[in-house]
There are 2 protein chains.
Amino acid sequence: MTAIKETSTIQENKQYALEKCPVTFVMEKMGGYWKPIILYHLSTGDKRYSELKRAIPTVTEKMLIQHLKQLEADGLVIREARPVVPPFVTYRLSDAGKGLLPVIQAMADWAFKVKDGVYNLQ
Amino acid sequence: MTAIKETSTIQENKQYALEKCPVTFVMEKMGGYWKPIILYHLSTGDKRYSELKRAIPTVTEKMLIQHLKQLEADGLVIREARPVVPPFVTYRLSDAGKGLLPVIQAMADWAFKVKDGVYNLQ
DNA sequence: ACAAGTACTTACCCTAAAGTATGTATATAT
DNA sequence: ATATATACATACTTTAGGGTAAGTACTTGT
C-alpha cells in the first residue's frame, strides 16, 4: 500500500516478532486503528461497503478501503463483487477471520467488566 | 507522556471509540507495539525491569519504560520499588491486567492455529 | 441537464509512535 | 581508579499510520 523501507529497525523488529511472539503476530493482522472495529461490524454478518461506511460514520473512505484491502490481503475478509452497475460489493469474514472472533469477544468482555467496575483502572 | 493536541481529529475519534466500541477501548490499553509482548512476559509472573529487558532483547530501554509507565498509568501493571541500591524494581500484572490474559490467550491460540495450518492466510 | 448513489483511487500533509544516542545516581567488585 | 550493574531520563530524529480533499466511472431518478 505504502512503500516500506526494508532496512528500518521497525521492520526488522516485525520479523523478530513474527517468529518469536504469537501475540504480536496477531496485533499485526488486527492492529491498526479501524481494523478491530471493522471486524466487529463484520462479525454480525456480511456487509456492503456502503453499509460499513454508514455503520462506522467517523472512518474516512480512504481508511476504510485501505484496511479492507489489508484485511483481504491478510486472508481475514473475503471481498465479493457482483458485476453490476452501480457496483455491489460485499465483505465477509473468512474462516481465519471468524477465528479471531474469540479474541474480539474476550476484548469486549474485558471492556464491559471495566465499565461495570469489576476492575478499577483509576 | 507526550503532549497531546486536543483538537486533532484522531483525539475526537478516540473519544468516539471509547464510548462506542469496546474493542477499540481495549486496543488503546494494550495497543502499541510492545505492550502485548510485555503483558505476555508478565503473564508468567513478576519480572524485574532488567529481566524484562533481557527477555525482550530487541526492545530499546526507552520503549520499555515508556510502555511500562503507560501500563502502570492505565492500571494494568503494578510497579514495586524496593528502596535499595542498586535499585530493585519489579513489575507485575494488576487484577485488571490479569483480566486481559484471556485476550492474550485467545490471540496466541489463533496464531498457533495459523502456524499449524488450520487457517490458510495465503 | 443535473444530482445522487455505488465503490473506490490518488496526491499531499500532519502527527503520534517508535528509534538513536547519551546521560544520571549509587554501590559493589576488581 | 575503573568497570559494571541497577533503573531509569531526555533531547533529537525518523517513519508509519492516519487524515484531507479531490477525482473517477457508470447508472438511475427528477
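No hydrogens, no waters, no symmetry mates; every other heavy atom, side chains included, goes into these values. The sequence lines fix the lettering, A, B, ..., with proteins before strands; numbering per chain opens at 1.
B:R48 forms no cation-pi arrangement with B:Y91, by the criterion of a distance under 6.0 Å to the ring centre and an angle within 45° of the ring axis.
Donor-acceptor pairing under 3.5 Å is recorded for the side chains of B:K47 and B:T44.
Counting only distance, with no hydrogens or angles, the side chain of A:Q66 and the backbone of A:M63 share no donor-acceptor pair below 3.5 Å.
Candidate nucleotides C:dG19, D:dA7, C:dT10 were compared by shortest atom distance to the side chain of B:W34, and C:dG19 ranks first. Side chain of A:Y33, nearest nucleotide from D:dG18, C:dG19, D:dA7: D:dG18. The side chain of A:K62 approaches C:dT10 more closely than any other nucleotide in the set D:dA9, C:dT6, C:dT10. Taking every side-chain heavy atom of B:Y49 into account, D:dA7 is the closest of C:dT6, D:dA7, D:dA9.
Between C:dT6 and A:R48, no contact under 4.0 Å exists linking OP1 or OP2 to a side-chain N or O. In this model, the phosphate group of D:dC8 is approached by a side-chain N or O of B:Y91 to a distance below 4.0 Å at OP1 or OP2. Taking side-chain N and O atoms only, B:H67 has a distance below 4.0 Å to OP1 or OP2 of C:dA18. The side chain of A:R54 contributes no N or O atom lying less than 4.0 Å from OP1 or OP2 of C:dA7.
In this structure, the CD atom of A:E28 is 12 Å from the P atom of C:dA18, given to the nearest Å. Taking atom NZ on A:K47 and atom P on C:dA7, their separation rounds to 14 Å, with Å as the unit. The CG atom of B:L64 sits 10 Å away from the P atom of D:dA7 (whole-angstrom rounding). If you measure from atom CG of B:L52 to atom C1' of D:dA5, you get 16 Å, rounded to the nearest angstrom. When rounded to the nearest whole Å, the span between NZ of A:K53 and P of C:dA4 equals 13 Å. When the P atom of D:dA9 is taken as reference, atom CD of B:Q70 falls 13 Å away, rounded to whole Å. Atom CD1 in A:I65 sits about 13 Å away from atom P in C:dA11, given to the nearest Å. Atom-to-atom, CD of B:Q66 to P of C:dA16 comes out at 13 Å; the value is rounded to the nearest Å.
In terms of position along DNA chain D, the nucleotide closest to A:E61 lies nearer the 5' end than the nucleotide closest to the other residue of the pair A:V85 and A:E61. When each of A:S50 and B:M63 is assigned the nucleotide of DNA chain C bearing its nearest heavy atom, the one mapping closer to the 5' terminus is A:S50. Comparing A:P87 and A:G32 by the nucleotide of DNA chain D whose heavy atom lies nearest to each, the residue mapping closer to the 5' end is A:G32.
Residue B:I37 holds its CD1 atom at 10.0 Å from CD1 of B:I104, rounded to the nearest 0.5 Å. Separation of atoms CD1 (B:I38) and CD (B:Q70) is listed at 9.0 Å; rounding is to 0.5 Å.
If you check every strand for non-hydrogen atoms under 4.0 Å, A:R82 touches nothing.
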